[in-house]
Amino acid sequence: MRALILGGGGREHALAWKLKRDDPTLELLAAPGNPGIGELARCVAVSATDVGRVVELAAAERVDLVVVGPEAPLAAGVADALRARGIPTFGPSAAAAGIETSKRFAKEVMVAAGVPTARASHHTDVESARHAVAELGAPVVIKATGLAAGKGVVVCETVAEAHAAIDRMLRDGALGEAGSEVLVEEFMHGEELSLFAVTDGEHFLTMLPVQDHKRLFAGDAGPNTGGMGAYAPVAIGTASIVREAATRIIAPMLGALRERGCPFSGLLYAGLMLTDEGAKVVEFNCRFGDPETQAILPLMRSSLLDAFMAVASGNGLGAIRPFEWEPSFAVTTVLAARGYPESPVTGDTIALPEPDDRVIAFHAGTARKPDGSLVTAGGRVLAVTAVAASFDEAQRASADYAAGVEFQGKQYRADVGWRESARRARAT
Ligand code: AMP
Ligand code: GLY
């Protein structure tokens, strides 16, 4: 059995690690991969978004499965092109990926499906956007409707901040095409939770709820990032929350997408806000979260490979049992390059301590120089997951390993899981 993973971040390293654990005889390829993935897979220097070359590679290597990591190749139609060549692929069509790539489409489907989410309206001119802000009042959220690499969402504490965000996107074109239309959205109070479901378009299996840390600095301060850490399980992600999300959010969403003629198969990521009125959707993504994946896959007992094959082959998930999880705790700490997220500096030499058996150092933005040395090569450099029998121990082991990693100007949060720690302290 031979599989190809598309992408080269920490999420893809975790996927590669899990698939090899599910089947140690699996032959893995990655495009483009990274030095960490290279220890598990043959990395091929093909960009994941170069659809033509990806299809050529998958066909030439006669792979039995392609797993698509990031959203960009999905938006570029890589899953459609692979399936058109008869290559079993885990990942949604470009049309279904619209739930992530177009916030307008996502809202339309959610409203049609009756899925609980924040009220929102769309605007292409400054005056009507300001009018909507006046109606909702502050706090309020301004979002670019297109893909803006995590920079398209501004949570505004005041009306003046909302006006400034609207001006930057609509008047000054600061985000280009992605910001030529904005959503003015009701602010939702609550705690966030990420819930993933593996789906064939109809059946789905939920994964362990996980919490991400989007802000750069400890205590959830500073700018938004792709994610600085994650942990699982989350005490507030109870079985009843998962059931509620499955019946009120995931099932109706999949149904509405089927009705529109763009069934979603692959990984549906529901970004939830746990409000006083129940779970509401902040956003959907069409792929695994990064770094959430690095936290949950080391806890997964069931075979992810079997689930991927069931979806990609077209057999469906009907015969796959609900996923089982280790009764342990995982805490993932991201190490980012200096300058991240605005303008990360690359090329700094990395020294990694020897991990103990609780720690896995997933590579994200790393590269190997010709002399064999490891250097930074992206905004998020590493994602360090520690798995332990207690939450505190996992948190300590993850932060300790992160503290021992050396590269110039490394940035990381030593407080990943702080909400969980606070909850545990209150409970005792
Ligand atoms: P998004 O890219 O839509 O996930 O937004 C990025 C982050 O902004 C989310 O993870 C939330 O922390 C915050 N956010 C987005 N929309 C809302 C909302 N309607 N209410 C409160 N916070 C939000
Ligand atoms: N960590 C958030 C995301 O993957 O979108």
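We number each residue from 1, following the sequence as shown. Whatever order the structure lists ligands and atoms in, that order sets their numbers, starting from 1.
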**Q.** Region of Met188 engaging ligand 1 - heavy atom pairs below 4.0 Å
**A.** both
Q: Scan side-chain atoms only and decide if Thr346 and Thr376 contain a donor-acceptor pair under the 3.5 Å cut-off.
A: no
Q. Near Met273, which atoms of ligand 1 are under 4.0 Å from a heavy atom of that residue?
A. 21 (C), 22 (N)
Q) For Glu191, does the CD atom sit with more than 12 other heavy atoms under 6.0 Å from it, leaving out its own atoms? A) yes
Q) Any idea which of Val140, Asn224, Asn285, Thr275 brings a heavy atom closest to atom 7 (C) of ligand 1? A) Asn224
Q: Inspect the contact between Asp220 and Lys214 and indicate whether a charged nitrogen and a carboxylate oxygen are less than 4.0 angstrom apart.
A: no
Q) Lys143 near ligand 1, heavy-atom distance under 4.0 Å? A) yes
Q) Among side-chain atoms of Tyr340 and Gln411, is any donor-acceptor pair under 3.5 angstrom? A) no
With a 3.5 Å cut-off and sequence neighbours excluded, list the donor-acceptor pairs that the side chains of residues 399-409 form with protein atoms.
unit_1	atom_1	unit_2	atom_2	d
Tyr401	OH	Pro353	O	2.7
Gln408	OE1	Arg338	NH2	3.4

**Q.** Verdict with supporting geometry, His131 and Ser128, side chain to side chain donor-acceptor pair (under 3.5 Å)
**A.** CA-CA 5 Å; His131 187 71; Ser128 81; over 6 Å; no
Q.
Just to be sure I read this right, does ligand 1 sit under 4.0 Å from the backbone of Glu186, its side chain, both, or neither, counting only heavy atoms?
A. backbone
Q | Subset of ligand 1 atoms that lie under 4.0 Å from at least one heavy atom of Lys214 | A | 10 (O)
**Q.** Pocket residues of ligand 2, ordered first by chain and then by residue number (heavy-atom cut-off under 4.0 Å)
**A.** Asp212, Gly226, Tyr269, Asn285, Arg287, Gly289, Asp290, Pro291, Glu292
Q: Show your working on side chain to side chain donor-acceptor pair (under 3.5 Å) between Glu292 and Tyr269 and close with a plain yes or no.
A: CA-CA 10 Å; Glu292 293 100 315; Tyr269 169 135; 2.8 Å; yes
Q) Only one of Lys103, Arg119, Lys143 forms a side-chain hydrogen bond (donor to acceptor under 3.5 Å, both in side chains) with Glu185, so which one is it? A) Lys143
Q: Sort and list the pairs that fulfil side-chain hydrogen bond (donor to acceptor under 3.5 Å, both in side chains) and have at least one residue in residues 250-268, not counting sequence neighbours.
A: none
Q. Which ligand 1 atoms, with their elements, are less than 4.0 angstrom from a heavy-atom of Val141?
A. 16 (N), 17 (C), 18 (C), 19 (N), 20 (N)
Q | Numbered atoms of ligand 1 (with element) below 4.0 Å of Glu185, judged on heavy atoms | A | 16 (N), 17 (C), 18 (C), 19 (N)
Could you pull out every donor-acceptor pair under 3.5 Å between side chains of residues 65-80 and any protein atom, sequence neighbours left out?
unit_1	atom_1	unit_2	atom_2	d
Glu71	OE1	Arg287	NE	3.0
Asp80	OD1	Ala94	N	2.8

